[in-house]
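Sequential numbering from 1 along the given sequence is applied to the chain's residues.
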Amino acid sequence: MAMGTSTERGGAKGKKVNNLTAANDPEKVIKIAGSITVDELAQALGLSVTTLIGELFKNGIVATINQRLDFETAEIMIDELGIANVRLERKNTATKTSDQRRELSEKAVARPPVVAVMGHVDHGKTSLLDNLLKKKTVESEAGGITQHISAYQLEHDDRKITFLDTPGHEAFAAIRQHGAMLTDIVVIVVAADDGVKPQTVEAIKFAQGANAKIIVAINKIDREGADVARTMADLSQHGLQPEEWGGDVIMIPVSAKTGEGLGKLLDAILLVADVEELKADVEIPAEGLVIESHMEVGKGSVVNLLVTGGELKVGEFVTAGNTYGKIRTMLDFQGRPKGKATPSTPVTVTGFKELPNFGDRFLEQKDEKTARKVALLNAQSEANAAASANVTSTDLLRMMSSADNAKVFNVIIKGDVLGSVTSVVDSLKLIDTHGEVNLNIVATGVGDVTENDVYMAAGDNTVIYGFNVSVPVNISKLAARDNVEIRNYRVIYELLDDAKTEMEKLLGEEIVETEQGEMKVMGVFRSTKTEIIAGGKMTSGKLEPGMLARLKHGKETFGEVEVESVQKERIDAKELIENEVGGLALKTEKKMTLEVGDRLEFFTREYKQRKL
């Protein structure tokens with residue numbers, strides 16, 4: 001697309017930085033496939049790298065020569081530099097979905113299916129699992145919503161099925177997406193009396209993106225107003241065609257409350273698993289994924305893993321991301337000790353030196369020396385990736401707004417598990433502040449609020465948000481002494497509402513003027529430096545004492561006054577309405593000449609807290 005000037009686009013500085021041309025071409029076309037390095041863009045523009053890096057620096061981005069800029073950022077920088085004869089084009093590239101699953105050997109054996117249960121909040125995902133597993137879990141979740149990924153395993157027809165219960169609330173989109181990436185089959189739960197909702201559509205997209213097979217459980221068929229056919233029609237509008245209608249998606253009517261249809265649902269899961277021929281190698285080093293991780297007193301790091309290959313045994317060394325450890329203990333989902341875990345089995349282990357990240361792959365290593373070396377290499381790789389991370393247009397525009405004295409909201413996030421911290425952070429970043437408030441996450445961590453958290457927050461107007469953690473009495477006293485706000489929540493949307501309110505406070509107040517009515521002046525009886533006594537006819541709206549008025553002569557406004565009192569038939573009145581004639585006293589701050597035929601436009605002015 002053709003580029004405009006930064007003045008036209010409302011750039012950070014509102015003017016061109018330079019008047020530059022790229023080479024001597026009448027128009028130069030630069031094709032970008034997704035992103036381009038600073039060095040490549042500088043060469044394409046015929047500029048020195050230092051010039052481009054310097055311009056990025058002026059806009060708040062400290063870039064290196066190998067740092068990558070996305071398409072929109074490259075456009076912004078060309079605009080900021082004032083280069084007029086360059087046009088960017090997106091290079092069309094075929095995209096491939098990479099499948100990270102290991103290629104199986106001839107010795108691979110059948111494994112249980114891994115099934116994620118997804119859907120809209122309150123559509124009965126957890127209740128359905130409770131009935132299947134005959135255990136009650138929903139009461140332990142604050143606000144009646146699932147807030148972590150929970151892994152379970154049950155047997156049906158002498159075969160095992162692994163279930164992942166994923167959060168339904170919109171704030172846990174990050175967790176839910178990871179849940180989809182872990183799975184073979186996604187059971188999307190849709191309430192028959194409520195139909196397809198935004199999070200249902202989200203779950204469909206995640207499942208399709210993860211190349212997982214989809215089965216729909218149409219729940220709550222026992223309720224009044226349940227309409228299975230209508231629900232199936234809704235789903236067909238989002239690309240899920242029922243088998244009954246010639247499609248390829250199995251849809252099972254069920255009731256999590258009565259248990260109706262649950263046996264058919266399990267049969268369907270095993271049928272899809274057979275068609276997919278799910279297998280895994282066991283004669284390889286153990287590997288899998290981190291489902292969740294948190295700290296426990298006396299145990300250290302407690303990590304939930306899903307084994308995807310090999311056999312994980314107590315005593316083995318493993319790496320996950322930039323940390324490693326020796327498996328000290330291993331428990332199944334019911335808390336019973338296990339000596340080993342085979343593919344598709346969820347387990348809880350202890351022994352990691354530090355908390356691995358949610359979604360990290362874990363790998364068995366032959367000894368501690370190797371594990372330590374692999375973890376160190378992973379850490380270095382992460383650091384290098386961070387140093388050469390893409391600079392997006394969002395980053396750039398945010399930094400530009402920072403340069404324009406945007407307000408800053410400082411927070412420290414502490415959560416019970418790493419997945420919660422990730423979701424809280426991701427959800428806070430999604431709060432749209434229109435570039436007027438910058439969210440600064442000072443620190444994050446898993447576990448209770450500590451002295452160090454309070455010390456970091458002190459003196460910098462930093463709010464500490466706790467999510468499902470404890471605040472010891474001595475920490476509360478320390479925070480009170482240092483004027484540090486600690487706000488602890490068990491339901492994420494309450495935390496987000498609080499953060500949004502705090503950001504709105506930083507926006508300050510706005511002036512809201514509301515038009516009320518208009519009068520045509522028919523007489524002016526007295527005019528001094530502080531007061532005008534006049535009369536006229538209301539041509540629209542109404543007039544009340546206390547309102548403000550603009551004095552209008554034709555189209556020109558020549559003053560603003562306050563209405564002190566109103567009279568109708570020489571008697572004080574509370575208001576004048578359209579077509580009524582009356583008098584009024586106007587309070588002024590200087591001598592103003594009001595004439596017959598002038599107009600008074602009445603309005604109110606309020607100062608309201610701005611909203612996001």
Side-chain angles (χ1 to χ4, degrees), residues 116 140-142 145-151 164-167 169 171-183 287-308 318-325 327-331 333 346-363 375 378-379 382-383 385-386 411-430 439 441-450 452-453 456 464-471 488-492 495-496 499:
S140 66
E141 295 282 357
I145 61 172
T146 306
Q147 307 205 79
H148 307 125
I149 285 185
S150 301
L164 301 178
D165 183 14
T166 66
H169 189 270
F172 288 86
I175 289 183
R176 190 160 60 251
Q177 187 164 12
H178 276 286
M181 301 308 286
L182 300 174
T183 60
E287 62 181 15
L289 291 152
V290 175
I291 299 175
E292 195 48 271
S293 62
H294 64 280
M295 299 295 291
E296 282 188 26
V297 177
K299 293 182 180 178
S301 58
V302 178
V303 183
N304 294 343
L305 304 174
L306 179 68
V307 180
T308 59
V318 290
T319 54
N322 56 14
T323 187
Y324 74 99
I327 304 297
R328 290 205 312 262
T329 63
M330 184 187 300
L331 306 174
F333 77 94
V347 288
T348 301
V349 302
T350 61
F352 276 95
K353 300 289 184 182
E354 296 175 8
L355 287 179
N357 289 323
F358 171 59
D360 277 350
R361 293 192 69 81
F362 77 81
L363 291 169
N378 288 344
E382 284 183 20
V411 295
I412 292 173
I413 310 296
K414 298 299 293 284
D416 55 342
V417 295
L418 203 54
S420 295
V421 174
T422 300
S423 282
V424 170
V425 170
D426 288 348
S427 300
L428 285 173
K429 288 179 178 177
L430 289 175
L439 175 70
I441 298 173
V442 177
T444 62
V446 175
D448 295 342
V449 180
T450 65
N452 190 49
D453 297 325
M456 277 196 292
I464 299 174
Y465 282 113
F467 183 65
N468 277 332
V469 298
S470 297
V471 183
N488 205 12
Y489 290 93
R490 297 191 64 223
V491 179
I492 191 168
L495 185 156
L496 297 177

Stepwise side-chain contact (heavy atoms from CB on, under 4.5 Å) test for Val424 and Ile492: CA-CA 7 Å; Val424 170; Ile492 191 168; 3.8 Å; yes
Would Ile464 and Met456 count as a side-chain contact (heavy atoms from CB on, under 4.5 Å) here? Give the steps. CA-CA 10 Å; Ile464 299 174; Met456 277 196 292; over 6 Å; no
side-chain contact (heavy atoms from CB on, under 4.5 Å), that's the test. Do Thr348 and Phe333 meet it? Break it down for me. CA-CA 7 Å; Thr348 301; Phe333 77 94; over 6 Å; no
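The CD1 atom of Ile413 lies 10.5 Å from the CG atom of Asp453; values are rounded to the nearest 0.5 Å. Distance check: Thr323 OG1 to Leu355 CG gives 8.0 Å after rounding to the nearest 0.5 Å. Note that the CE atom of Met330 and the OG1 atom of Thr350 stand 9.5 Å from one another [nearest 0.5 Å]. Note that CZ of Phe467 and CG of Asn488 are 9.5 Å apart. Values are rounded to the nearest 0.5 Å. To the nearest 0.5 Å, the span separating NE2 on His294 from CG on Asp416 amounts to 8.0 Å. Taken from CG in Leu289 to CG in Leu306, the straight-line distance is 6.5 Å, to the nearest 0.5 Å.
The two residues Asp448 and Ser470 make their nearest non-hydrogen contact at OD1-N, 3.0 Å. Nearest approach of Ala375 to Thr319, heavy atoms of both residues: N-CG2, 4.2 Å. Counting all heavy atoms, side chain and backbone alike, Gly288 lies closest to Thr308 at CA-OG1, 3.3 Å. Closest approach of Leu439 and Val411 over heavy atoms only: CD1-CG2, 3.9 Å.
Partners of Val290 according to the side-chain contact (heavy atoms from CB on, under 4.5 Å) rule, which considers only residues two or more places apart in sequence or in another chain, are Val303, Leu305, Ala320, Pro356, Asp360.
Checked by atom type and distance alone, the side chain of Lys353 never pairs as donor or acceptor with a backbone atom of Gly325 at under 3.5 Å. Without hydrogens or angle criteria, Thr183 side chain to Ala116 main chain gives no donor-acceptor distance under 3.5 Å.
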